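Owing to the predicted nature of the structure, the values given are computational and were not obtained by experimental measurement. Every chain is numbered from 1, with letters handed out A, B, ... down the list of sequences. Computed from heavy atoms alone, side chains included, the values below leave out hydrogens, waters and symmetry copies.
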2 protein chains.
Amino acid sequence: MTYFLDDIDKKILKILQEDARTPFSKIAKMLNLSESTIHIRIKRLKENGVIKGFYVDVDPEKIGYNVIAFVLIKADPKKYEQILKKIYEFKEVYEIFDVTGEYYALLKVRVKSREELATILDKIGNMEGVTSTYTMFVLRTIKEMKTIDFS
Amino acid sequence: MTYFLDDIDKKILKILQEDARTPFSKIAKMLNLSESTIHIRIKRLKENGVIKGFYVDVDPEKIGYNVIAFVLIKADPKKYEQILKKIYEFKEVYEIFDVTGEYYALLKVRVKSREELATILDKIGNMEGVTSTYTMFVLRTIKEMKTIDFS
DNA sequence: GATGAAATAAATCCAGA
DNA sequence: TCTGGATTTATTTCATC
């Protein structure tokens with residue numbers, strides 16, 4: 001299931017991770033290959049699911065989304081999957097992970113204000129089957145990398 | 001400091017968040033505007049820092065990066081900033097946040113194997129000034145959104 | 001697999017509304 | 001701020017190595 005990346009693939013991905021709009025011609029020059037080869041490689045990486053897509057990176061802070069919180073939840077095991085499905089639909093919840101330890105799941109929540117955060121936390125805390133929550137409010141973002149470092 | 005997005009900006013960003021390679025001509029048609037307008041808008045969004053860049057979305061799992069863990073750390077306040085600087089340099093640590101609560105910082109770690117994770121956890125746990133750590137190993141990724149939902 | 005040239009399509013620039 | 005047309009640049013295809 002794991003796709004083996006050769007050196008050329010890695011170099012192409014590295015360039016695209018820095019700027020996905022880099023023209024193929026420029027990539028070709030950088031790697032001393034033809035434009036067609038870059039084209040074929042990228043096409044293959046897409047077909048194999050390595051490249052899931054191209055997205056624009058919007059600065060959340062610039063558009064007012066500057067409140068982040070991580071929420072740990074514990075739940076009634078019988079209702080857990082149902083709870084996850086519901087939380088999945090919340091657009092304010094950007095990440096959901098099952099985790100080991102005292103709590104069941106870890107959520108990353110991003111909103112525009114503390115009021116909005118309070119609303120979401122209430123919604124989650126009051127869901128049927130949620131037995132306890134623990135919220136960690138983010139005071140400062142020190143690092144938030146969105147690309148993979150495979151150097 | 002917050003940049004005000006009008007309806008056109010929002011629509012453009014929404015399209016680019018889904019596929020950053022959508023041709024301007026297509027965006028223009030979708031929004032009933034000229035290609036030049038789209039061009040000017042995107043340029044302005046870049047200049048104002050709303051658009052931080054265009055990235056390729058690489059599936060970590062496809063290339064073998066399928067171990068994620070969240071690590072909470074407590075530290076000697078006097079050495080805390082120094083510790084953060086050091087951890088910042090770890091390529092395996094993708095996110096670092098100062099958080100409220102019992103712990104000082106929350107880290108998101110992504111590696112290729114449990115062995116690698118153990119190594120990183122050891123490194124962090126043994127850093128001078130780190131007084132305690134709590135690791136949550138990710139068993140399942142339920143949601144991991146990289147774009148912002150401003151609908 | 002990789003290439004180069006040809007065809008198609010897109011991005012960019014600019015003068016004018 | 002937006003537009004339409006002209007120019008430049010990029011992507012895609014395909015026959016060939």
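Per the geometry, CZ belonging to A:R21 stands 10 Å off C1' belonging to C:dA10, to the nearest Å. Nucleotide C:dG1 holds its C1' atom 16 Å from the CG atom of A:D7, rounded to whole Å. If you measure from atom CZ of B:F24 to atom P of C:dC13, you get 11 Å, rounded to the nearest angstrom. Rounded to whole Å, atom P of C:dA2 lies 13 Å from atom NZ of A:K11.
Less than 4.0 Å separates DNA chain C from at least one heavy atom of each of the following residues of residues 29-56 of chain B: B:E35, B:S36, B:H39.
In this structure, A:M136 and A:L72 have side chains that are in contact, with non-hydrogen atoms separated by less than 4.5 Å.
By the rule that hydrophobic residues join a cluster once side-chain heavy atoms approach within less than 4.5 Å of another member, A:Y65 and A:V58 end up as members of one cluster.
Between A:I87 and A:I96, the shortest heavy-atom contact is CG2-CD1, 3.8 Å.
At least one cation-pi condition fails for A:K146 and B:Y55: the charged atom is not both under 6.0 angstrom from the six-membered ring centre and inside a 45 degree cone around its axis.
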Stepwise salt bridge (Lys or Arg N to Asp or Glu O under 4.0 Å) check, B:R110 with B:E144: CA-CA 13 Å; B:R110 193 191 293 271; B:E144 205 170 9; 2.8 Å; yes

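Heavy atoms from other residues, nucleotides or ligands lying under 6.0 Å from CD of B:E128 number 12 at most.
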